[in-house]
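A quick write-up on the structure given underneath.
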Amino acid sequence: MTPSPETWTAESIGAAIRDGGLHASDVCESYLDRIRRLDPKLNAFVTVLESGARMQAESVDRDRKAGKPLHPLAGVPVALKDNLCARGVETTCSSKILRNFIPPYDATVIERLRAAGSVFPGKTNLDEFAMGSSTENSGLFPTRNPHDPGRVPGGSSGGSAASVAADFAPLALGSDTGGSIRQPASFCGLVGLKPTYGRVSRYGLIAFASSLDQIGPFARTAMDAALLMDAITGPDPRDSTCLPEPAPKFADGLREPFRPVRIGMPREYFAEGLAKPVAGAIDRLKDVLVSLGCSVVDVSLPHTPYAVPTYYLVATAEASSNLARYDGVRYGLRIDSADLVQQYFLTRARGFGAEVKRRIMLGTYALSSGYYDAYYLKAMKVRRLIYNDFMEAFRGVDLLLTPTAPTTAFKFGEKVSDPLQMYLSDIYTISANLAGLPAVSFPCGFENHLPIGAQMIGPALSELRMLRILHEYQKQTDWHARRPQNLS
Amino acid sequence: MTIDRKTVDHVAALARLGLTDDEKSKLATELSGILDHVEMLSKLNTDGVDPLYHILPLKNVFRDDEARPSDVRDDVLKHAPHARPPFFVVPNVLEE
Amino acid sequence: MTYEPVIGLEVHVQLKTSSKLFCGCSVQFGQDPNRNTCPVCMGLPGVLPVLNRQSVLLGLRAAIALNCRPAPFFKFDRKNYFYPDLPKAYQISQYDLPLALDGFLDVSVDGQARRVGLERVHMEEDAGKLVHAEPGHGVPAGTSFVDYNRAGVPLMEIVSRPDLRSSKEAHAYLDALKQIMRYIGVSDCDMEKGSLRCDANVSIRPAGSSTLGVKAELKNLNSFKFVERAIDGEIARQTEILQSGGKIVQETRGYDSASNTSHAQRSKEEAHDYRYFPEPDLPGFSLSPENIESVRKNIPELPAVRRARFLSEYHLPDYDADVLTAESTMADYFESVAREGADPKKASNFIMAELMHDLKSAGLSADQSPVNPRHLAELLKLVADGKISGKISKEIFPVMFKSGKSPAEVLKEENMELISDAGVIAAFIDQAIAENPKAVQDIKGGKQSTLGFLVGQIMKKSRGQADPALVTQELRKKFGL
C-alpha cells in the first residue's frame, strides 16, 4: 500500500500492518506529517502526541516482528476527544479550569485501545466540557470544518470529527450527551455512533451529564466503526452503569448476510425548520433503503417537542453537580485568595467560559430548594414519556430514520448570540440520549460542498443491526468516501 | 418565569460562581428566556408518571470489599495547584 | 414554669469494612496523610463510584438489629455543597429512599426500660479532614492542610426520633447503640478513631405540652460524656431564654468541651440548600425478602437476649451477667470456658477478677486473649479438684497470660505442681510442729481452731504447693483428732 492517508481506512491499515504490507511506524509518520502540515489550518487537536504515538507504533512493529498476534486495530491511529483521561497526558476538556490537569489513570476505553495496540496521534478539541454544538465554546480555540474552514465542524466533538474528516486519523473517539458525536459527524461527512447507554464504559470520561453521556466512534465506514466498537465495548467493573452482558462481535456481524428491516420515519422530525436539501437527501436515502428491500412507514413520537426543555433541565442539573469539583483545591486552575470562599468564586469565574457558566446556573436553579419538583422532577417524568414514545414506535418498526441536524454546517458566529436557538438545533439528536438509545449519523448527500447527515435510531443494543444496514448502504453509495475539497 | 438579579445572585452563590455585573444582567435575561421555553413542560400532564431516573434495567451493582492500594497520591500532589506533601493546602474560610 | 427537654440523636458509625464505600482504598486508621486515596475518592475528573457489597450487608444487619424495616428498594442521592474536604463537592448519601426506616432501640435508664424510636438508617460516604496548619511550615498563616484518607469511608447514619427526655437517657441510648453495633460486628464505634460521631437535636417545651419546641442542633460532641454535658448546657440555655421571655432560634451550635459551652455556628443562607438529586452514576438497589432473611438469620444473639440467657442458663447474678455480656467477645469467652466444664460462677469470678484486668493492661479484647478458654477451664478444674490452691491459680495465671501455655505446662516449668507426696508433707508437718511449740500446745489443749494456723504455716513453707486437704488430714492424724 502507498503511504497515503487519504485512501486508507482503519480496516485496510490494520490488515496491511498484519500482513506486512505496511509498518505501523510509517503509518504513524504519514499521519503525523499530515497533522503538522494541515492542522494549523483547522485546529482539530488540543495536543499532538508525536513521541507517544511513535513509541506505540514502534511497539506494534516489534510485536509483528516477534510474531505476536496483532489486534485488528494494532497500529491504527485513533484520535481522542480531550475529555477522555489518558495517563500522563494533559487532559483539558478545552477548559481553562483544567489547565495542567494530568490524569494519573487511563479511561477504560483508552486502556482497551492501548491493549489493542492502537496509536494515539493526539487529543482533540471540543466545546468546553462538551457543552456546545460548534466548538465555538472551546475555552482554547475553535476548530474549523475541513469541508469549509469558514464553517464549524459541529460539536461538541468537533475536533474528533475534523481530525477524521481531514485524514489526521482514520478513527476517533467522541462523546455524545445530546448529539455531540452525531451532529459533528453529520457536519463533517462521517459515520458517528452514539451507543446504547451502558454499552461503553464511561470510566475516565470527564462527566458532563452522567445519565446521558456515552463514548462512541467516528469513522468513514460502517466497518471501521464496527472495528472500534469491538475494541471499546464490553462490561467494566469500574462503571456501575455499564451493562454486564458481553457485546456482540460487530465487525463479524457486518459480514453476515443482510436482512431487510422495517423503518419508521417519525413525522415530528420532518416538520418546520428542516432545510430542504436535507429533507431531499433523506428522501433519496429512503429510496436506496427501499431498493434494498426495507419497508418504510410513517410513525409518530408525539412528545418530541418536549425533548429540548427536558434535555436542558436534566443535562444542566447533572452538570451543575458534576462540575462542582473544579474548585482549585486538588488539580487544575486556582486563582489564589486568602479566603477560601473567594478562591472558589475567583477560580470558577476565571476558569469557566460563558456557556458553562450559563448551564451551571440553569442546572443549579433547577435543583434548588422550591424548584426541584417543577423543573428537575418534572423533566424526569417527561423523560419517561419520551422513552415510552420510542417503545411504542418500536412495536411496529425495527429502526427510525431521521435527519441528524436541521441544516448542514453553519458559519462561525451564526448562532452564538442566542443560546436558546442553539439549544433548539439539537432537536433531532437529544431524544436518543434521553431514552438511552443507540443512534448513528452517516453521510447521505451533499449540499454544494457540505455533507448532509442522516440518523438512524434503534432500540437498546441494536447498534449491530444499524451498522449492518449502513454497511449495505455504503456498498450502494459513495457519500462516505468523499474527502473535503481544497484541503491540502 | 422571570429570573431577577436577586435570584441570579443567590444561584451564583450556591454554585460558587463569580460573575460580573454584566454577566449577571445577561444571565438574568437568558435564563428567563430559557425558562419561558421550559414552561411548556408544566402544561403537560404527568400525573401518575414515574420519573425516569435510570434508563438501564440494572440493579444491585456491587464490588467486593477488597482493599487495593493505589499509588497515585504523589503524582496528584505533584500537579496540585498548592500542596505541601503529603497534604493539599487551602486557605481558611475567613470570618466576616 | 417547668420545661420538658426533647432530644433526638443523629449518630454516624463507620461500617467495619476493609475498603471504602465506592472504591478499593483501604480504610485503615492512622495511615500517612492521603495514603489511602485513589482517583475515585479524590474526586478526579472522570471517575465513577461502585458500591461496596459488604457495606450494604453490614448496614442491613444493623438495621435489622435495630428493629427497622429494610427498604425493598433503596438508592443513593447527591448532597451538593462546597468544602475542601469534600472532593467531588457532593457527598453520595441517601435522601428519600434510605436503606431502612422505622425502628426502635430499648435502653435501660436507672433500671427502667425505655423504648427509643428510630426514624431511619442510611448509608453515606465520609468526607476528608482539614488540619489547621501551624505557622512556620512554609505555608502562609491562615491555611489548612487537607487529608483525604477518610474521604469515602463508609458511614451509616442512625437517626432517632425525638424520644429522649434527658441527657442521661441520651447517654444510655448511645451506650446501648454502641454495644449492639459492636456485638453484631457492624462497627467498632470508637469515637477517638472517628468511627462513631454524634449530633444532638435539643428543644424544650412546657411540661405536659405535646407540640415540639424550636430545636438547636449540637455538633462537635467528641465523647459520650460531652454529649451529656452539652445537652445539659443546652437545656439550661434554652430554659433561661424562655424564662426571661426570649425566643429560641433554630440554629447549629458547636460545643466546646474545654469551656463546656456552645456557640452558634455562622451559616450562610444558601448553606442548607443541598440540592439533593438521585445519583445518576449508581443504579438502584432492591432487596428481596430472601436477602433480608439471610442477613437476619446470621445476626448474632443481641446483648439483651444474651444477658437474660446468662441469668437463666448459668444462674449468674445480675452484676456478672451485665459485665460478661457488655462485649460479645467477652461473653463468647465466658461461654467457651463454661462449655469446657468450668463452674459458671467460678469462671465468672475468675474472668472478672483476673482475666479482665490482664486484658485491659495489655489493651486486648477477649477474642485476643493469650489464655485460651480451655486452659482457663483446666486451671479452674485444678482448683476445684484441690490439685492447686486458689492462690496458686492466681499466681500462675499471669504466666499463662504471658506465655499462652496450659496450666499443666506452667506448673511443671515453675516447679509449682501440687505436693501430695505423704512423705514430703510429713516433713513439712514435723518442721512446723518444731517451730511452733505454742500452737502445738494450744491444739493439744483442745483449741482446735489453731489447726488452721498450722496449715497456713505449712502452706507458706511449701510456697503454696502443698495439697491443703492432705495437709489438714495429716495434721489431724498427727494430733489424733
Side chain to side chain, A:Arg334 and B:Val90, heavy atoms closer than 4.5 Å:
yes
Only pairs of heavy atoms separated by less than 4.5 Å count here; which of B:Leu58, B:Val72, B:Asp75 has the most with chain A?
B:Leu58
Test log, rule side chain to side chain contact (heavy atoms under 4.5 Å, CB included), inputs B:Arg16 and A:Asp327:
CA-CA 9 Å; B:Arg16 299 286 188 272; A:Asp327 58 8; over 6 Å; no
Find out whether B:Leu44 and A:Leu385 are in side-chain contact, i.e. whether some heavy atom of one side chain is under 4.5 Å from a heavy atom of the other.
yes
Quick one: do B:Val38 and A:Tyr312 satisfy side chain to side chain contact (heavy atoms under 4.5 Å, CB included)? Show the steps, please.
CA-CA 9 Å; B:Val38 164; A:Tyr312 276 92; 5.7 Å; no
Which atoms of A:Tyr105 approach chain B - backbone, side chain, both or neither, heavy atom under 4.5 Å:
neither
One should read off an interatomic distance between B:Asn92 CG and A:Gln343 CD, to the nearest 0.5 angstrom, of 11.0 Å
Hey, does B:Tyr53 have a side-chain heavy atom less than 4.5 Å from the side chain of A:Leu377?
yes
Interatomic distance, A:Asn433 atom CG to B:Ile55 atom CD1 [nearest 0.5 angstrom]
10.0 Å
Of A:Arg383, A:Met380, A:Arg384, the one forming a side-chain contact (heavy atoms from CB on, under 4.5 Å) with B:Pro51 is A:Met380
Taken to the nearest 0.5 Å, the spacing of A:Tyr306 OH from B:Lys43 NZ works out to 9.0 Å
Does atom NZ (B:Lys26) have a neighbourhood of more than 12 heavy atoms from anything else shown, all under 6.0 Å?
no
With a 4.5 angstrom heavy-atom cut-off, could you sort out which part of A:Val308 is near chain B: side chain, backbone, both or neither?
side chain
Can you confirm whether the side chains of B:Thr46 and A:Lys378 place a donor and an acceptor under 3.5 Å from each other?
yes
Should the heavy atoms of other residues, nucleotides or ligands under 6.0 Å from CZ of B:Arg5 be counted, would the total exceed 12?
yes
For the pair B:Val61 and A:Thr241, evaluate side chain to side chain contact (heavy atoms under 4.5 Å, CB included) and give the outcome as yes or no after the intermediate values.
CA-CA 8 Å; B:Val61 181; A:Thr241 64; over 6 Å; no
Chain B heavy atoms under 4.5 Å from A:Tyr387: which part of the residue, side chain, backbone, both or neither?
side chain
Side chain, backbone, both or neither: which part of A:Thr310 has an atom under 4.5 Å from a heavy atom of chain B?
both
Contact part of A:Leu346 toward chain B, heavy-atom cut-off under 4.5 Å: side chain, backbone, both or neither?
neither
Name the option with the most non-hydrogen atom pairs under 4.5 Å to chain A; the candidates are B:Asp50, B:Leu41, B:Val76.
B:Leu41
Under 4.5 Å from any heavy atom of chain B, what part of A:Pro305 do you find: side chain, backbone, both or neither?
both
Closest heavy-atom contact between B:Gly18 and A:Ala349?
O-CB, 3.2 Å
Rounded to the nearest 0.5 Å, what separates atom CG in A:Leu362 from atom CD1 in B:Ile34?
5.5 Å
Among A:Gly436, A:Ser240, A:Gly328, the residue with the most heavy-atom pairs under 4.5 Å to chain B is A:Ser240
Which atoms of A:Tyr376 are under 4.5 Å from chain B, going by heavy atoms: the side chain, the backbone, both sets, or neither?
side chain
Taken to the nearest 0.5 Å, the spacing of A:Met361 CE from B:Thr7 OG1 works out to 9.0 Å
A:Leu437, part contacting chain B, at a heavy-atom distance under 4.5 Å:
neither
